[in-house]
Amino acid sequence: MLVVMHATATQGEIEIVCSVISDMGYSAVPMPGEQRTAIGVVGNDGRVDDTNVVGLPGVAQVIHVSKPYKQVSREWKAENTVVSIAPGVEFGGTNIVIVAGPCSVESEEQILASARAVRAAGGSALRGGAFKPRSSPYSFQGLGKRGLELLALAREETGLPIVTEAMDEAGAELVAEYADCIQIGARNMQNYSLLKAAGRLGKPVLLKRGMAATITDLLLSAEYIIAEGNSQVILCERGLRSFDTAARNMFDLNAVPIVQKLSHLPIVADPSHGTGRRDMVIPMTRAAIAAGADGILVELHPNPDRAKSDGAQSLYPEQFVKLMHEVRLIASAIGRGITPAVGTDAVESR
Ligand code: PEP
Ligand code: MN
């Protein structure tokens with residue numbers, strides 16, 4: 001339930017509504033807006049009886065949130081949430097953000113070459129896993145803390161902010177010391193203790209949809225993060241397991257307009273994991289931008305044939321140049337631009 005106060009409501013009236021809500025056994029979350037204050041009611045599982053609240057002085061309207069997720073929903077907040085991971089790198093505004101880099105950080109040489117390629121082509125942020133959730137325990141598990149240090153080095157040289165994955169609650173704190181945005185991977189979308197920890201760390205979170213998760217599941221997982229007081233959440237569609245083995249996953253671009261209808265949070269798409277095949281990454285990037293994605297998370301490697309993970313879906317640097325060119329064209333066709341590369345003031349094609 002959301003209690004919308006009149007623009008003229010006094011602080012005292014707002015406080016009375018909050019105390020009535022807590023007497024009912026729920027928590028009140030006041031959200032001051034430009035025009036008026038709204039007070040969210042959390043802690044309920046089902047419809048809240050509003051009879052004690054509707055008649056209180058200063059109350060303009062009571063809105064019942066019909067979805068199982070609350071603070072994530074558009075009913076709760078009508079305007080888009082814009083998530084900033086670094087100055088000028090914002091998800092959910094007019095501009096589209098391109099995050100690119102290798103699946104895993106492998107060496108200083110590899111991550112610096114990747115970062116330079118991302119920067120040179122006009123990408124806005126660097127991705128790369130230091131802690132890797134691999135299906136097999138015998139596959140490369142990532143460089144751990146050393147990988148984070150190498151990402152920080154790449155950021156220092158190129159200015160690109162870093163998106164990197166935290167795999168568990170204990171590791172999240174360490175990742176937060178280095179990352180500009182903490183990625184929670186598909187395999188961990190329903191790791192509730194990790195979600196809560198990420199909510200408490202207060203850093204932007206990129207939450208990937210689980211490979212067999214519904215959109216409601218994804219939004220409920222985002223609710224865990226917001227419920228801890230962190231509304232800086234970027235959602236990510238990365239493909240679903242399906243019966244068809246022609247591509248690695250079924251890239252569900254329906255999720256983009258559906259999520260935008262249901263939630264105020266930004267949503268990006270990952271055509272690398274969504275397809276698993278380098279030759280499909282550019283076409284499906286085009287499709288994701290056309291569908292309205294707020295950004296793209298894409299894998300690139302200076303030498304994909306030698307990559308320690310996900311080489312088959314990693315772009316060659318020259319392919320990334322082509323991808324950026326095509327993204328610009330499609331973005332401008334739908335009235336959007338690309339976040340200018342770090343260190344430039346130019347606003348590219350709108
Ligand atoms: C990744 O981004 O490299 C990754 C492991 O992705 P996902 O969690 O979507 O499989
Ligand atoms: Mn990967």
Side-chain angles (χ1 to χ4, degrees), residues 85 97-106 110-111 114 118 123 125-137 139-144 147-148 150-151 162-168 171-172 175 179-191 194-195 198 204-213 215 217-218 221-222 233-242 247-253 255-256 259 267-278 280-281 284-285 288 293 295-315 320:
I85 66 164
V97 184
I98 308 297
V99 183
C103 179
S104 307
V105 181
E106 298 169 7
Q110 176 250 16
I111 195 65
S114 304
V118 173
L126 178 67
R127 61 145 292 146
F131 295 94
K132 293 304 302 177
R134 304 303 301 281
S135 299
S136 162
S139 300
F140 178 60
Q141 304 284 309
L143 297 181
L148 297 175
L150 293 176
L151 284 165
I162 294 165
V163 180
T164 192
E165 179 158 358
M167 287 212 314
D168 48 46
V175 168
D180 298 287
C181 177
I182 303 169
Q183 177 173 320
I184 295 185
R187 291 161 188 78
N188 265 321
M189 189 202 83
Q190 287 175 312
N191 178 340
L194 176 60
L195 296 172
V205 177
L206 187 143
L207 176 63
K208 298 185 96 173
R209 181 179 179 185
M211 56 188 86
I215 289 169
D217 293 335
L218 173 65
S221 288
V233 181
I234 303 156
L235 304 169
C236 179
E237 166 59 41
R238 50 77 73 206
L240 304 171
R241 275 258 159 97
S242 88
R248 180 176 179 181
N249 287 304
M250 184 92 82
F251 194 31
D252 181 19
L253 288 178
V256 173
V259 162
I267 176 158
V268 303
D270 173 350
S272 305
H273 294 86
T275 64
R277 288 174 36 178
R278 188 182 302 129
M280 291 176 67
V281 169
M284 296 314 287
T285 296
I296 296 292
L297 188 69
V298 64
E299 288 182 341
L300 153 162
H301 195 289
N303 189 351
D305 306 310
R306 304 286 300 272
K308 291 193 170 159
S309 61
D310 286 349
Q313 67 193 32
S314 298
L315 297 181
F320 182 63

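Read the numbers this way: they start at 1 and go in the same order the structure lists the ligands and their atoms.
For Q141, the side chain to side chain donor-acceptor pair (under 3.5 Å) criterion is met by no residue, not counting sequence neighbours. Residues passing the salt bridge (Lys or Arg N to Asp or Glu O under 4.0 Å) test with R187, sequence neighbours excluded: none. Shown here are the salt bridge (Lys or Arg N to Asp or Glu O under 4.0 Å) partners of R278, two or more places apart in sequence or in another chain: there are none.
Considering just the N/O/S atoms of D310, the one nearest the Mn ion (ligand 2) carries the name OD2. Within E299, OE2 is the N, O or S atom that lies nearest to the Mn ion (ligand 2). Closest N/O/S atom of H273 to the Mn ion (ligand 2): NE2.
Looking at heavy atoms from C-beta onward, V105 lies out of side-chain contact with T164 at the 4.5 angstrom threshold.
Contact residues for ligand 1 (protein heavy atom closer than 4.0 angstrom to any ligand atom): C103, R127, K132, E165, Q183, G185, A186, R187, K208, R238, H273, E299.
Between F140 and K132, the shortest heavy-atom contact is O-CB, 4.0 Å.
Checked for salt-bridge contact, D310 and R248 meet the test: a charged N lies under 4.0 Å from a carboxylate O. Between R127 and E299 there is a salt bridge, since a side-chain N of the basic residue sits under 4.0 Å from a carboxylate O of the acidic one.
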